[in-house]
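All residue numbers in this chain count up from 1 along the given sequence. Both backbone and side-chain heavy atoms feed into the values below; hydrogens, waters and symmetry mates do not.
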Amino acid sequence: MRIISLLASATEMVAALGCLDQMVGRSHECDYPPEVQALPVVSTVQIDTNESSAQIDAQVKQLALQKREPEDPALKALSIYAIDVDKLQELRPDVIFTQTQCEVCAVSERDVIQAIAQLTGLQPLVISLTPYRLLDVWEDV
């Protein structure tokens, strides 16, 4: 199994399950356990996340102003993340972990679906974690 995690908590779950040897890529945010830092990074963030909440909000609004509004209404949502499609193709994942709860907090399922639509000969399984309460975390594991 070739796993890419685009969510720090999913990376930690993969590690807890003893499957780090199956991870082939990670998000720019996945940094624990330390061994994952040697893996290729397949996502980047287009804003400075070290700023205050107000400054992050201003950056997101500025990014929205810079983007042209696409004709396809399904693509109108703004993403602050970019996925390296060439790196995804190179890594050939079987499974990609992501999330659906917050478009600003981490790479979203929508971003992943758009990225894998550009892949040639690959149809990785996308697993989106959606914990709203502690019990949901255990169900995700």
Side-chain angles (χ1 to χ4, degrees), residues 1-67 69-141:
M1 186 71 54
R2 299 178 61 77
I3 300 170
I4 290 179
S5 175
L6 299 176
L7 186 63
S9 60
T11 300
E12 293 184 29
M13 287 179 192
V14 170
L17 293 170
C19 298
L20 271 184
D21 61 327
Q22 297 177 48
M23 282 195 57
V24 296
R26 65 180 177 97
S27 81
H28 60 285
E29 295 176 319
C30 298
D31 61 0
Y32 187 84
E35 305 93 84
V36 303
Q37 294 180 34
L39 294 172
V41 175
V42 299
S43 66
T44 56
V45 65
Q46 300 179 61
I47 62 170
D48 183 355
T49 58
N50 294 317
E51 297 289 342
S52 70
S53 295
Q55 291 167 324
I56 288 173
D57 183 60
Q59 289 178 71
V60 170
K61 288 176 181 172
Q62 181 63 34
L63 188 60
L65 289 175
Q66 293 172 356
K67 301 247 180 190
E69 187 169 306
E71 291 180 24
D72 182 354
L75 299 178
K76 286 186 180 178
L78 171 69
S79 177
I80 63 168
Y81 298 97
I83 297 174
D84 184 339
V85 176
D86 292 334
K87 184 61 70 178
L88 276 184
Q89 185 73 47
E90 176 188 324
L91 296 174
R92 306 189 59 76
D94 298 307
V95 176
I96 300 174
F97 285 98
T98 189
Q99 57 86 40
T100 58
Q101 288 179 301
C102 178
E103 300 264 331
V104 176
C105 301
V107 178
S108 71
E109 181 181 50
R110 179 184 52 81
D111 294 334
V112 175
I113 298 298
Q114 288 178 349
I116 64 175
Q118 300 174 52
L119 299 178
T120 304
L122 295 177
Q123 290 295 321
L125 173 64
V126 177
I127 298 176
S128 296
L129 304 181
T130 56
Y132 290 98
R133 53 198 173 129
L134 186 56
L135 181 60
D136 296 336
V137 174
W138 292 113
E139 289 176 8
D140 283 345
V141 173

Is there a donor-acceptor pair under 3.5 Å between the side chain of Arg26 and the backbone N or O of Thr11? no
Using the ring pair (Phe, Tyr, Trp, His ring centres under 6.0 Å) rule, collect all pairs that involve residues 10-37, keeping only residues at least two apart or in two chains. His28-Tyr81
Walk me through it: do Gln22 and Val14 pass the test side-chain contact (heavy atoms from CB on, under 4.5 Å)? CA-CA 9 Å; Gln22 297 177 48; Val14 170; over 6 Å; no
What pair of heavy atoms forms the shortest contact from Ile83 to Val107, and how long is it? CD1-CG1, 3.7 Å
Taking the side chain as every heavy atom from C-beta outward, state whether Val42 and Ile96 have any atom pair closer than 4.5 Å. no
Please check: side-chain N/O of Arg2 versus main-chain N/O of Leu91, any donor-acceptor pairing under 3.5 Å? yes
For the backbone of Val126 and the side chain of Glu109, can you confirm whether one donor and one acceptor N or O come within less than 3.5 Å of each other? no
Any donor-acceptor pair under 3.5 Å from Gln37 side chain to Asp31 backbone: yes
From Val112, Val95, Ile3, residue fulfilling side-chain contact (heavy atoms from CB on, under 4.5 Å) relative to Ile127: Val95
Can Glu29 and Val45 be said to form a side-chain contact (heavy atoms from CB on, under 4.5 Å), step by step? CA-CA 9 Å; Glu29 295 176 319; Val45 65; over 6 Å; no
Spacing of Met1 atom CE and Asp21 atom CG [to the nearest 0.5 Å]: 11.5 Å
Are Asp84 and Thr44 close enough that some pair of their side-chain heavy atoms sits under 4.5 Å apart? no
Considering all heavy atoms, the nearest Pro40-Val24 contact: CD-O, 3.3 Å
Locate the shortest heavy-atom distance separating Ser27 from Val41; write the atom from each residue and the value. C-CG1, 3.9 Å
